Amino acid sequence: MTYRWPSTSRLRWLLAFGGVFAALAAVPGCSDGMEPFTPVDGGTRADRVVVPVDDGGDGGSANGDGGSMSGDVVTPPMRCMSDPQCDDSVACTIDTCDVGNGRCIHVPDVARCECDPSCTRRMSGGGMGPTGGFMMEGQRGVQFDMASGGLLVRAESRRADYLWVPNTAESTISKWDATTNTEIARYRVGVAAGECLGRCCHEANCNMTSRVVVDGRGDAYVANRGFAMQGTVAKIAADRRDCVDRNGNGMIDTSANPMDVRPLNQDECVLWNQPVGPVNAVLRSLAIDRGDESNPDGFPWVGSCSATGALTGNQGLFKLDPRTGTLIRAYPFAACAYGAVVTPDGTLWEHTLSNGITPVNTTTGAVGTHVRAGTGVSSCTGGSYGITADARGRIWLSRTGCRDAVGYDPRTGQWTLVNVMAMGATAAGLGITVDSSNRMWLPSNNQLFSWDSDAFVGGGSIPAAAITRHALTVPAGWTSTSAVGADRSGAIWVTTQNAGPLLKFNPMTNTTQPFAGPNRVYTYTDFTGAVRRLVIGTGTYEEQYMAECEMPAYADLTWRATTPVGTSLQFVVRVANTEAGLAMATPVTLAVAPRDSSPIAIGPRLMAAGVGQGRYARLSVTFTPTNSPVQSPVLHELGLSWRCTVNPG
């Protein structure tokens with residue numbers, strides 16, 4: 001949308017001073033020519049006159065001859081002793097006292113956007129109703145709350161609800177709409193030589209698409225393991241507005257259905273597709289950290305687990321740039337990095353196959369002490385596969401070899417056992433997940449088991465009475481359940497690494513629906529984004545702007561917010577000359593509340609980042625809540641302003 005001043009916008013400047021002119025006309029001794037006067041009370045009043053004069057410009061003028069208003073000041077003989085005596089109650093003037101001669105000086109305050117006819121300010125919020133004056137399409141994980149009077153984090157509030165399902169037997173990843181139960185796009189990833197159609201799931205010289213995670217923005221990352229070949233990671237945009245028009249044809253060329261699979265690296269919603277690590281690194285762990293001010297949606301971490309054992313030296317864990325996929329830094333990790341998850345405190349927990357978990361500091365890359373799985377609660381040590389975390393920062397593992405699950409609390413150093421084998425589990429699936437209510441879910445062929453994560457018993461077993469067994473209606477021959485994930489409605493989705501459909505289980509009705517389409521899904525990670533939404537819990541609000549001139553000068557950012565202790569709002573802007581250019585524009589952090597206060601001058605921030613002006617701007621606000629206690633920042637109002645030196649009239 002374009003936000004323009006009307007051609008009569010300069011009348012606002014005149015109206016700001018209308019009251020002054022009216023008052024002046026009523027003063028005895030003041031002629032129509034606006035000659036200086038001396039107050040009858042002996043000069044103690046701090047009256048003044050501001051006279052707009054024609055300076056020969058081409059804008060509107062008081063006398064209608066095309067001249068512009070320069071804000072020249074005629075100051076009658078006045079007497080004052082301090083600035084407060086000169087306050088004329090006009091918001092758009094700067095009022096000072098010239099103590100030397102006792103006169104008040106009043107000049108137009110054109111530095112303020114509302115006082116400058118060349119300045120445009122777009123405001124959002126401040127209202128009531130279902131959206132509170134905020135745009136619905138810009139809300140991701142946030143929602144207007146009537147009681148709070150602003151936007152706040154709501155993990156299930158985003159209207160879009162996607163599943164990212166890897167088709168391991170064809171080197172593609174599918175985008176499913178969980179609300180319509182429909183596959184809406186399919187993307188080719190990896191390297192061309194490794195497509196290996198129809199082959200799965202640990203074939204040499206094949207991409208073997210597997211681990212999938214979702215970042216704070218909703219974009220998906222998928223790792224292609226690459227046995228005996230080069231492994232890769234690809235990033236796919238969830239929102240079409242973030243796709244990049246790389247061929248410059250003025251449109252986004254991307255998949256529109258599962259049959260519309262574009263050639264490798266030609267789908268413009270696949271933001272990048274990068275090689276990671278050495279040949280045969282075998283990329284088996286993937287997670288997104290909490291991010292920082294420059295990248296609040298998180299940095300991807302990829303772990304290697306080669307077929308010949310642990311990698312050594314400057315190999316093992318790879319931190320990538322989320323914007324380009326290029327390597328930021330590689331860190332040694334002397335074990336097979338098989339899976340990973342990030343807890344609310346920002347710690348990356350790497351899972352080593354059939355062994356245990358290891359904490360990693362995502363700022364320094366420092367590797368902590370390895371913790372063996374199930375210590376003190378189980379003598380079985382084999383077969384741990386899937387990893388997830390709950391809202392309280394506990395880590396949970398699925399163990400196929402033991403037909404159970406275990407949980408670990410880093411605060412106490414204790415494990416708990418979930419003995420589903422004693423409840424009739426014939427196998428434990430590869431995946432494990434948590435839903436928005438902090439309830440854990442574990443598949444087992446034609447069954448699902450669930451329990452409240454707070455049923456955790458340090459050093460013991462969760463009672464059977466606290467575990468619920470759910471029956472799945474599965475097709476004939478259904479075996480080898482792999483991933484499990486929760487969507488925003490609370491439905492649980494289950495996949496299989498063999499030929500078979502997606503299963504959607506409704507916990508409210510205990511019914512199962514099958515949906516055909518996947519081509520062997522070998523993954524057991526957070527393919528719905530539910531874990532990220534619950535554990536990290538950030539949300540975003542975004543607005544896009546188009547100035548009425550080609551090269552505006554961005555003025556200031558304003559906001560009104562409530563930020564409880566531990567919460568924050570981060571304001572990031574992207575600027576470009578074209579709307580299509582916004583997707584790849586450099587993000588510039590303007591402010592972080594409550595550390596910074598409104599208003600914030602935008603120009604100096606852009607200059608410091610080496611970013612020029614542009615007609616289009618995209619402003620993103622990242623909401624960071626606290627988990628304990630659960631509190632969210634609230635954004636009540638948001639404003640962005642810019643100046644056009646030539647009024648379009």
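Model, not experiment: these values are computed from the prediction.
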Salt bridge Arg199-Glu170, side-chain N to carboxylate O under 4.0 Å: no
Test item: Ser482 side-chain N/O and Val521 main-chain N/O as donor-acceptor pair under 3.5 Å: yes
Check: Asp487 and Tyr162 side chains under 4.5 Å, non-hydrogen atoms: no
Distance in Å, Thr416 OG1 paired with Trp451 CH2, rounded so as to fall on 0.5 Å steps: 10.0 Å
Check: Thr528 side chain, Ala530 main-chain N or O, donor-acceptor pair, under 3.5 Å: yes
For Thr364 against Tyr331, the heavy-atom pair lying closest together: O-CE2, 3.4 Å
Test side-chain contact (heavy atoms from CB on, under 4.5 Å) applied to Glu293 and Val592, step by step: CA-CA 8 Å; Glu293 283 194 14; Val592 177; 3.7 Å; yes
Pi-cation contact, Tyr221 with Lys235 (under 6.0 Å, within 45°): no
Gln274 and Leu327, any side-chain heavy atoms less than 4.5 Å apart: no
Ion pair check, Asp239 and Arg217, cut-off under 4.0 Å: no
CA sep, side-chain torsions, deciding dist, call: Arg372, Asn355, side-chain hydrogen bond (donor to acceptor under 3.5 Å, both in side chains): CA-CA 6 Å; Arg372 192 163 184 82; Asn355 196 333; 3.0 Å; yes
Side-chain donor or acceptor of Asn273 paired with backbone N/O of Gly190 under 3.5 Å: yes
Residues Arg411 and Asp409 bridged, charged N to O under 4.0 Å: yes
Student check: side-chain heavy atoms of Phe527 and Leu163 closer than 4.5 Å: yes
Flag side-chain contact, heavy atom, 4.5 Å: Pro518 against Trp176: yes
Donor-acceptor contact below 3.5 Å, side chain Gln230 vs main chain Gly277: yes
Distance in Å, Arg399 CZ paired with Asp404 CG, rounded so as to fall on 0.5 Å steps: 4.0 Å
Asn207 side chain to Val191 backbone, donor-acceptor under 3.5 Å: yes
Steps toward side-chain contact (heavy atoms from CB on, under 4.5 Å) verdict (Ser450, Trp441): CA-CA 5 Å; Ser450 69; Trp441 292 86; 3.7 Å; yes
Least distance between heavy atoms, Arg225 atom then Ser210 atom: NE-CB, 3.4 Å
Any side-chain heavy-atom pair of Arg403 and Asn419 under 4.5 Å: no
Sidechain-backbone polar pair: Ser255 side chain, Val261 backbone, donor-acceptor under 3.5 Å: no
Would you list the atom pairs, donor with acceptor, under 3.5 Å between side chains in residues 500-508 and any protein atom, with sequence neighbours excluded?
from, atom 1, to, atom 2, distance (Å)
Lys504, NZ, Ala178, O, 3.2
Lys504, NZ, Asn181, OD1, 2.8
Asn506, OD1, Met508, N, 2.8
Asn506, OD1, Thr509, N, 3.4

Close side-chain approach of Cys206 and Phe227, heavy atoms under 4.5 Å: no
From Ser568 atom OG to Arg595 atom CZ, the distance as rounded to the nearest 0.5 Å: 9.5 Å
Rounded distance [0.5 Å steps], CZ in Phe318 versus CD1 in Ile328: 13.5 Å
Exam field: side chain Thr168 to backbone Arg520, donor-acceptor pair closer than 3.5 Å: yes
Phe333/Glu350 under side-chain contact (heavy atoms from CB on, under 4.5 Å): CA gap, chis, key distance, verdict: CA-CA 10 Å; Phe333 190 73; Glu350 287 288 343; 3.6 Å; yes
Donor on one side chain, acceptor on other, Thr538 and Thr622, under 3.5 Å: no
Ring-face cation of Arg392 near Phe456 (centre distance under 6.0 Å, axis angle within 45°): no
Arg439 with Asp435: basic N within carboxylate O range, under 4.0 Å: no
Residue list, salt bridge (Lys or Arg N to Asp or Glu O under 4.0 Å) with Asp289, at least two apart or on another chain: none
pair Ile467-Val418: side-chain heavy atoms closer than 4.5 Å: yes
Least distance between heavy atoms, Arg211 atom then Arg284 atom: NE-O, 2.7 Å
Asp215 to Asp297 - nearest heavy-atom pair and separation: CB-O, 3.4 Å
CD1 on Ile395 to OG1 on Thr343, rounded to 0.5 Å: 5.5 Å
Ser285 side-chain N/O to Gly303 backbone N/O, donor-acceptor pair under 3.5 Å: yes
Verdict with supporting geometry, Val142 and Thr540, side-chain contact (heavy atoms from CB on, under 4.5 Å): CA-CA 6 Å; Val142 298; Thr540 60; over 6 Å; no
Closest non-hydrogen atom pair between Ser384 and Thr352, with its separation: OG-O, 4.2 Å
Backbone of Cys380 reached by a side-chain donor or acceptor of Ser378 within 3.5 Å: yes
Distance-only side-chain donor-acceptor flag, Asn445 / Thr479, under 3.5 Å: no
From Asn224 atom CG to Ile173 atom CD1, the distance as rounded to the nearest 0.5 Å: 9.0 Å
Heavy-atom side-chain contact between Gln447 and Arg469 under 4.5 Å: yes
Sidechain-backbone polar pair: Ser398 side chain, Ala405 backbone, donor-acceptor under 3.5 Å: no
Aromatic plane relationship, Tyr524 with Tyr385 - under 30° parallel, 30 to 60° tilted, over 60° perpendicular: perpendicular
Which atom of Asn167 lies closest to which atom of Ser174, heavy atoms considered: ND2-OG, 2.8 Å
